[in-house]
Q: 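This structure is in structure tokens; I'll ask about it shortly.
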2 protein chains.
Amino acid sequence: MSVDEVAPHRRGRPPTLREVAAMAGVSIATASKALNGRQHVGSATRQRVQSAADALNFSPNALAQGMVAQRSGTVGLLTSDLVGRFSMPVLRGAEDAFGSEKMSVLLADARDDHIRQQHHLRALLSRRVDGLIVVGAQPDPRPSLGQDLGVPVVYAYAPSDDPQDMSVVADDVAGGRLAVDHLIRCGRRTIAHVTGDPTYGASHDRARGAVERLTEAGLAVAGGEVMYDSWSEAWGRGATRLLLEREPGLDAVFAGSDQIARGVLDALLEAGKRVPEEVAVIGFDNWEVLATGSRPPLTTIDPALENLGRVAALRLASAIEGRAGHGVEAYPCRLVTRSSTAPLH
Amino acid sequence: MSVDEVAPHRRGRPPTLREVAAMAGVSIATASKALNGRQHVGSATRQRVQSAADALNFSPNALAQGMVAQRSGTVGLLTSDLVGRFSMPVLRGAEDAFGSEKMSVLLADARDDHIRQQHHLRALLSRRVDGLIVVGAQPDPRPSLGQDLGVPVVYAYAPSDDPQDMSVVADDVAGGRLAVDHLIRCGRRTIAHVTGDPTYGASHDRARGAVERLTEAGLAVAGGEVMYDSWSEAWGRGATRLLLEREPGLDAVFAGSDQIARGVLDALLEAGKRVPEEVAVIGFDNWEVLATGSRPPLTTIDPALENLGRVAALRLASAIEGRAGHGVEAYPCRLVTRSSTAPLH
DNA sequence: TTGTACGCGTTATCAG
DNA sequence: CTGATAACGCGTACAA
């Protein structure tokens, strides 16, 4: 009852621990211990098992391991925009915060469709993910998934509206402040702020940071007020034309997004203004394809989304270990200088 | 030996079939059949089980199901660029080709790093994915993962270099042809082609399609030759300036990418040319943020990546069912007209 | 040091 | 129509 009943040549299927054990001439238990570095295994035996495993190209079945460990080694990533640009860096940061060996990422694109989201959620839960990261398409608060999911959840980029949940977001206020601070350090005094959709909380947060910093420097917003409209190049162009009429002495524009900044740049050039010599321009997002292709390349505020993803993963890992957290954590943005800003000589 | 030994209040853990069965007062086997719509179950019984399941908010453990079914209901998505724009639509198309209920997507970002790729591959395989979709960051052929992975593989966007593998890609030749065809239908006769990196096979494919169509119309490439350099706005601007000198009668430009097209547009405007009245411009990629923000909005060729993802998923599903395929399948691109092209009145 | 036996949650077979 | 029971692949007390 040893060698005879084993290795029934299971065609195609990946080798199992049983086959490894059989080949090494030991029991399954011993093989398991040997491969997992457990003690109470003779080193000679361990060697034999290891060789057998290598020979068979054995790779343990993570599903089976998960069954006994009561842990799948998998986290769900629920996103609202897969084509959008914001969830990707987050995802990427998250992915390498837990190494690929320990944890895999199950992706689900909810597309802002509530019912689709519920479907995906069920699917993820039935796969017994150890935790969930939810990343929104807009930086504004979103409805909580609830507390009774059975697994910890971390919201990234877009916070949950329930303070009981754990959220990590970019600090838009500090980002706005950082942008204006840079312009002031460049010696600019007549600084306008053209930003996007006024229904976005992020617009107001960035504007608030900007105005705060202006006020500290004894300055007012050029053009008389923050200009809200939409996150588009067209609006950037239009706003700039207005601005140029109202404020001939304009020497800097803080745009609420890189798209808007592109519009600002184009309108400025068209009006014969030199950038950055006469007017400096700074954007927000550090959307590479936009920021590096412009004329001149765009200085901008980077919301450090990859870092957000990293932190989200860390928080989630802690929560999985049992140390849950609450509330919204805001992380600093980063200034990326290119050529659209420069000191006023 | 019935109700007594069950429901030991397993704190926190999701309910199991056993608990559902206990609550409904039936055996596990019956509960399973009832929930799975199997026959040989009294409808009253079925009702009771269903209610119990609902009450407990039961959701079957997919890992356990996978163990017995020898199928995880999971596919791996191995991508080389998560931030890049090309893999995302593919991923999205794939994701909804197999409904979220049937199949979940395990994401892995290899980042063009070979060793990292191997790691991810092992992780995916140990999770017993039923199949693999590999999507590259560039449309050029990439090294095969090999045939002995134990699961079917489909390469999307970037084909495998092994014809034995199954690949689905965008038809760049047809795309180039489509672009020029559109320009010709608009009555243009002096058509230039400014494209990107000459080390990309895609540049040459698109150019080939373009030239073929030109030749059919008895036309030659304006400027004397296809202009290769890099996939950047700056090149688009530079090339256009050159072109304007060499070919004063220029009435259309086919740009090899939307980034290049943006540059072309800017240089044209700067030279006082009206688009599309005097010169028509068409891009390639349909990269929304670029194509809709430009002045005027850009007509472009959409490689239909989402469709590619869909087809990849379909092919993979077939292969999983046992009907494997081989070779490279090229899928048509789509013309998206905006305002940068128009008939010459 | 090694092996036996059980359990993880589910499905399928077969006997009642 | 219903219920034991045996897998699926693995980890781990516990016994030898």
Side-chain angles (χ1 to χ4, degrees), chain A residues 1-3 5-8 10 12-49 53 56 58-73 125-128 130 150, chain B residues 1-3 5-8 10 12-49 53 56 58-73 125-128 130 150:
Chain A
M1 55 124 77
S2 59
V3 192
E5 355 190 299
V6 286
R10 306 137 27 81
R13 290 212 287 230
T16 70
L17 188 55
R18 163 144 86 219
E19 303 175 68
V20 174
M23 178 176 239
V26 299
S27 75
I28 296 184
T30 303
S32 174
K33 292 174 210 160
L35 259 23
N36 292 317
R38 293 270 166 290
Q39 48 187 358
H40 305 306
V41 179
S43 60
T45 315
R46 194 183 297 274
Q47 278 299 338
R48 256 186 309 134
V49 175
L56 261 34
F58 170 77
S59 150
N61 184 328
L63 277 59
Q65 290 181 313
M67 293 247 36
V68 10
Q70 294 292 333
R71 181 166 289 200
S72 66
L125 258 18
S126 86
R127 296 237 140 67
R128 295 301 185 263
D130 298 329
Chain B
M1 53 123 79
S2 59
V3 191
E5 358 189 296
V6 287
R10 307 137 27 82
R13 290 212 287 231
T16 70
L17 190 54
R18 162 139 93 221
E19 304 175 67
V20 174
M23 179 176 238
V26 300
S27 75
I28 297 184
T30 303
S32 175
K33 290 175 212 158
L35 260 23
N36 291 316
R38 293 272 165 288
Q39 48 186 358
H40 307 307
V41 179
S43 59
T45 316
R46 193 184 297 274
Q47 277 299 337
R48 259 184 307 133
V49 174
L56 261 31
F58 170 77
S59 149
N61 184 328
L63 276 59
Q65 290 180 314
M67 292 245 38
V68 12
Q70 295 292 335
R71 182 167 289 201
S72 66
L125 258 18
S126 86
R127 296 234 140 65
R128 294 300 185 264
D130 298 328

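Chain letters run A, B, ... following the sequence lines, proteins first and then strands; every chain starts at 1.
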Q: Quick check: does any side chain N or O of B/S72 sit under 3.5 Å from a backbone N or O of B/R128, one acting as donor and the other as acceptor?
A: yes
Q: For A/T45 and A/V41, work out which heavy atoms get closest and say how close.
A: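 Where A/T45 meets A/V41 most closely, the heavy atoms are CB-CG1, 4.1 Å.
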Q: Please identify each residue that fulfils side-chain contact (heavy atoms from CB on, under 4.5 Å) with B/A21, with sequence neighbours left out.
A: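 B/A21: side-chain contact (heavy atoms from CB on, under 4.5 Å) contacts with B/V26, B/I28, B/A31.
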Q: Is any side-chain heavy atom of B/L35 closer than 4.5 Å to a side-chain heavy atom of B/L17?
A: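 Contact flag for B/L35/B/L17 side chains = yes.
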Q: Rounded to whole angstrom units, what separation is found between the CG atom of A/L35 and the C1' atom of D/dG11?
A: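 Whole-Å distance recorded here is 12 Å.
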Q: For the pair made of CE in A/M67 and C1' in D/dA7, what is the distance, rounded to whole Å?
A: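 About 13 Å, once rounded to whole Å.
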Q: Is the distance from OP1 or OP2 of C/dT1 to the nearest side-chain N or O of A/Q39 less than 4.0 Å?
A: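 No, because none of the side-chain N or O atoms of A/Q39 sits under 4.0 Å from OP1 or OP2 of C/dT1.
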Q: Could you give the distance from CD (A/E19) to CG (A/L56), rounded to the nearest 0.5 Å?
A: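 So the gap between those two atoms works out to 6.0 Å.
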Q: Determine whether a donor-acceptor pair (N or O, by modelled atom type, separation under 3.5 Å) exists between the side chain of A/N36 and the backbone of A/R38.
A: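 Not a single qualifying donor-acceptor pair exists.
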Q: Whole Å only: how far is the CD atom of B/Q70 from the C1' atom of D/dC10?
A: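 Checked: the CD to C1' distance equals 13 Å.
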Q: Is there a side-chain polar atom (N or O) of B/S27 under 4.0 Å from OP1 or OP2 of D/dT2?
A: no
Q: With a 3.5 Å distance limit and no angle check, can you tell me whether A/R127 reaches the backbone of B/A62 through a side-chain donor-acceptor pair?
A: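 Looks like no, no N/O pair under 3.5 Å.
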Q: Classify every nucleotide of nucleotides 10-16 of chain C by which part a protein heavy atom approaches to under 4.0 Å, writing B for the base, S for the sugar-phosphate alone and - for neither, in 5'-to-3' order.
A: BBB----
Q: Is any side-chain heavy atom of A/V49 closer than 4.5 Å to one of A/V20?
A: yes
Q: State, to the nearest 10°, the angle formed by the axis through the first five base pairs of the helix from C/dT1-D/dA16 to C/dG16-D/dC1 and the axis through its last five.
A: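 Inter-axis angle at the termini of the helix from C/dT1-D/dA16 to C/dG16-D/dC1: 50°.
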